[in-house]
2 protein chains.
Amino acid sequence: MADVAAEAHVSVKTVSRVVNREPGVRRDTELRVRAVIDRIGFMRHDGARILRQGRTQTIALVVEDLANPFYSQISAAVEREARIRQYQLITASAEGSPTRERGVLESLINRRVDGLVVVPAGERPAVDPTVAASGTPIVYVDRPVRGQATDTVISDNPGGVRSAVEHLVANGHRRIALLGDDAEFWTARQRREAFVQIHDALGLPGDAKVSMGPHTVDSLTERLATWSRERSPVTAVITGNNRVTLAALHAMRRSGVEMGLVGYDDFELADLIEPAVTVVNQDPTSMGQKAALQLIARILGDESPAQTVVMPTRLIVRESGRLPASRSLRKASS
Amino acid sequence: MADVAAEAHVSVKTVSRVVNREPGVRRDTELRVRAVIDRIGFMRHDGARILRQGRTQTIALVVEDLANPFYSQISAAVEREARIRQYQLITASAEGSPTRERGVLESLINRRVDGLVVVPAGERPAVDPTVAASGTPIVYVDRPVRGQATDTVISDNPGGVRSAVEHLVANGHRRIALLGDDAEFWTARQRREAFVQIHDALGLPGDAKVSMGPHTVDSLTERLATWSRERSPVTAVITGNNRVTLAALHAMRRSGVEMGLVGYDDFELADLIEPAVTVVNQDPTSMGQKAALQLIARILGDESPAQTVVMPTRLIVRESGRLPASRSLRKASS
DNA sequence: TCAGTGCATGACAGCGTTGTCGGGAAAACG
DNA sequence: CGTTTTCCCGACAACGCTGTCATGCACTGA
């Protein structure tokens, strides 16, 4: 900027004014400055600008695994909202480790990001004290965090589970089991509790059968085989998220057991496998968008009380929820 | 930092030394400083540090659509390599628009990111002049860019297409067509050219049939119907990428035509749909990793000539490449 | 005892901007 | 024509940190 100033015979401040389109520069001076800028290819150094102004116009997103479609959709949505509002997005993944998450958060706060969208890793005692102390606005997504009230966007897990169970029941299933993901995850636990509660509320026979992860195709194959060999066999399972659904589908294919299935999380091609998989769809795009908007509102000074937004889920009915018998009927008639 | 210095009765420089674990601080001074740091919750302001040191320890990734699994895998890989080496990753999406891409790049350079990994959008005349002028190292992924030599990581499109065609031919197919994506994409064009060339080289009957995108399920349904009604009908198609594969699968399901299929890009559950889809697998994770490593090498001063890395593809043989007849045989015998 | 050596520490400048303020010239006004 | 207002513009400091260099002190060896 000093170079430009020298070349154009003005002060750095005037160059600054031109670059930022501030008023108070005569037309011809502006043109002169612009000419020099173009000639020597000057580009404003935003680092210095940030240091001076105290705002980074950057938000950060911390997730577990960017390659998981659920998170990548959230990520795409957050990036989009941020970009539209002139914020840049730093994405970081904690790979599910609270330790790494701590480090990542610290580093982001050192950078003075204006705000954070976080899918908290594993079990956490409370809002991270580092973050809390920094005063950086933060919005949690998918899983809440214990401790003082914070903005949170989660999806309606009990509602989703209920819709799944009710759908199976409506299709004649009575012995329904849950294949949850690792109970370390809050969502997995919440879905488990909802399942047990609804199972009992509906007066389904026996105790609610639940198997929590982590699952492998092998372990699931065995599990399903066991369940289907019981005196009153399980006829349908609900899978706790996209990972489990995938593994369960493989296990079913391998072992040949035919069970009803409702998966948590929609996925591409769910309608093309046989039978087409009925799912509880969470809307990660909306969740990401909602979180980003809420965060930016906070950054812009919104002081209203912390808010927990519960996003509705939607049951996408395909075929896997029917009784195997009725599925064959459909096939024959089509 | 000044506050800490005052409280601890040392100079800011000493605080700086402690914070950065520089040598030359007596043990007791260090402890005193640390105590103050903890007490008042000081956190280093990396913005200022960056301004002083000239290095941002940040790289940026520009892709088309973060929600597309192909890009989200690249993104996850780049983030991982970056994080391991203490770089942060800014992710930005250009949504396929060269204009937006220009803006995004400019903004990233203003931030003085240390390097860029870019999946260039659409058609581009050459290396972006803004970027070129800034001297920021850049690595292109998935598609090269015309103009001066630059580091590029692409996958072996001709090889991938050849393996697909050969596989289909080996399974008895002769009338093979290509469903490419939008010819605006370099990869789509390259795969088309490879297809035509191999088609002719193998002496397959007739002209190589090609239909480029953008495709919809509707348009594909019609296209496939037309092809299968010809005097010598097309018996197998190759789809140009994951998007097209998905649409084609839906179209096939809807129209009931039975054709051989080899898809470009592997996808989850490809093995569970009926018939299991044979694919040409590119390895986005390796591509992202390779690109990140190359970029960081450049940042660290690697001056060797620009390099184009061609990543091999791998044909994952499942069932969709067989002739429909032999597929039924398999089903009956299993 | 004195010069020489090494270590711990501090003063200072400067990274590239922008906010504040003040000054001078031109324009407007009485 | 003198005075006030308006408009442009520049000087300067400061954002928070770190690299350089200087300083002072303790210790060593002759």
Side-chain angles (χ1 to χ4, degrees), chain A residues 1-37 40-58 86 88 106-114 134-136, chain B residues 1-37 40-58 86 106-114 133-136:
Chain A
M1 208 172 243
D3 295 349
V4 176
E7 288 274 326
H9 305 293
V10 293
S11 71
V12 284
K13 179 62 209 189
T14 298
V15 178
S16 170
R17 276 191 266 257
V18 170
V19 169
N20 299 303
R21 298 186 163 68
E22 282 174 37
V25 180
R26 238 189 310 147
R27 189 88 189 111
D28 60 330
T29 345
E30 178 183 344
L31 291 177
R32 187 152 37 93
V33 172
R34 282 206 188 288
V36 176
I37 287 177
I40 70 180
F42 165 81
M43 302 194 73
R44 184 180 62 198
H45 188 309
D46 278 351
R49 175 169 226 249
I50 284 165
L51 177 60
R52 186 59 231 257
Q53 302 193 318
R55 279 209 155 190
T56 55
Q57 288 292 313
T58 304
Q86 320 267 35
Q88 302 222 288
E106 187 174 323
S107 148
L108 291 168
I109 290 179
N110 281 350
R111 298 231 166 183
R112 300 296 193 271
V113 295
D114 292 334
S134 76
T136 309
Chain B
M1 207 173 244
D3 295 351
V4 177
E7 288 275 325
H9 306 291
V10 293
S11 72
V12 283
K13 179 63 209 187
T14 297
V15 178
S16 170
R17 277 191 264 258
V18 171
V19 169
N20 299 303
R21 297 186 163 67
E22 284 174 36
V25 180
R26 238 188 311 149
R27 190 89 187 110
D28 59 332
T29 341
E30 179 184 343
L31 291 177
R32 187 152 37 93
V33 172
R34 283 206 188 289
V36 177
I37 287 177
I40 72 179
F42 166 81
M43 302 195 71
R44 183 180 63 197
H45 189 308
D46 278 351
R49 175 169 226 251
I50 283 165
L51 178 59
R52 184 63 228 257
Q53 302 193 319
R55 280 205 152 196
T56 55
Q57 289 292 313
T58 304
Q86 319 269 34
E106 186 175 322
S107 148
L108 291 168
I109 290 180
N110 281 348
R111 297 232 166 182
R112 301 295 192 272
V113 294
D114 292 335
S134 76
T136 310

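Sequence lines set the chain letters: A, B, ... in the order given, protein chains first and strands last, and positions in each chain run from 1.
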Find the distance [X]:[atom1] to [N]:[atom2] and express it as a whole number of Å.
X     : N      : atom1 : atom2 : result
B:H45 : C:dT17 : NE2   : C1'   : 13 Å
A:R44 : C:dT18 : CZ    : P     : 6 Å
A:R21 : D:dC8  : CZ    : C1'   : 19 Å
A:D28 : D:dC8  : CG    : C1'   : 11 Å
A:I50 : C:dG19 : CD1   : C1'   : 17 Å
B:R55 : C:dC15 : CZ    : P     : 19 Å
A:E22 : D:dG10 : CD    : C1'   : 14 Å
A:R32 : D:dC8  : CZ    : C1'   : 12 Å

- Sidechain-backbone polar pair: A:R17 side chain, A:E22 backbone, donor-acceptor under 3.5 Å: no
- Taking A:R21 for its side chain and A:V18 for its backbone only, find out whether a donor-acceptor pair lies under 3.5 Å. no
For a quick check of understanding: with a heavy-atom distance under 4.0 Å over all strands, which category does [X] fall into, base, sugar-phosphate or nothing?
X     : answer
B:R17 : base
B:T14 : sugar-phosphate
B:V19 : nothing
B:N20 : sugar-phosphate

- Message: Quick check: on DNA chain C, is the nucleotide nearest B:Q53 upstream (toward 5') of the one nearest B:S11, or the reverse? Name the residue that is more 5'.
- Response: B:S11
- Message: Walk me through whether A:M43 and B:E106 qualify under side-chain contact (heavy atoms from CB on, under 4.5 Å).
- Response: CA-CA 9 Å; A:M43 302 194 73; B:E106 186 175 322; 3.6 Å; yes
- Query: What are the two closest heavy atoms between A:A48 and B:L51, and how far apart are they?
  - Reply: CB-CD1, 3.8 Å
- Message: Does D:dT18 have OP1 or OP2 under 4.0 Å away from a side-chain N or O of B:S16?
- Response: yes
Looking only at the side chain of [X] (C-beta and beyond, no hydrogens), which of the listed nucleotides [options] gets closest?
X     : options                : answer
B:K13 : D:dT18, D:dG10, C:dT17 : D:dT18
A:R52 : C:dT18, C:dA8, C:dG16  : C:dT18
A:R26 : D:dC9, C:dT17, D:dC17  : D:dC9
B:M1  : C:dG16, D:dC17, C:dT18 : D:dC17

- Apply side-chain contact (heavy atoms from CB on, under 4.5 Å) to B:R32 and B:V10, showing your working. CA-CA 10 Å; B:R32 187 152 37 93; B:V10 293; 3.8 Å; yes
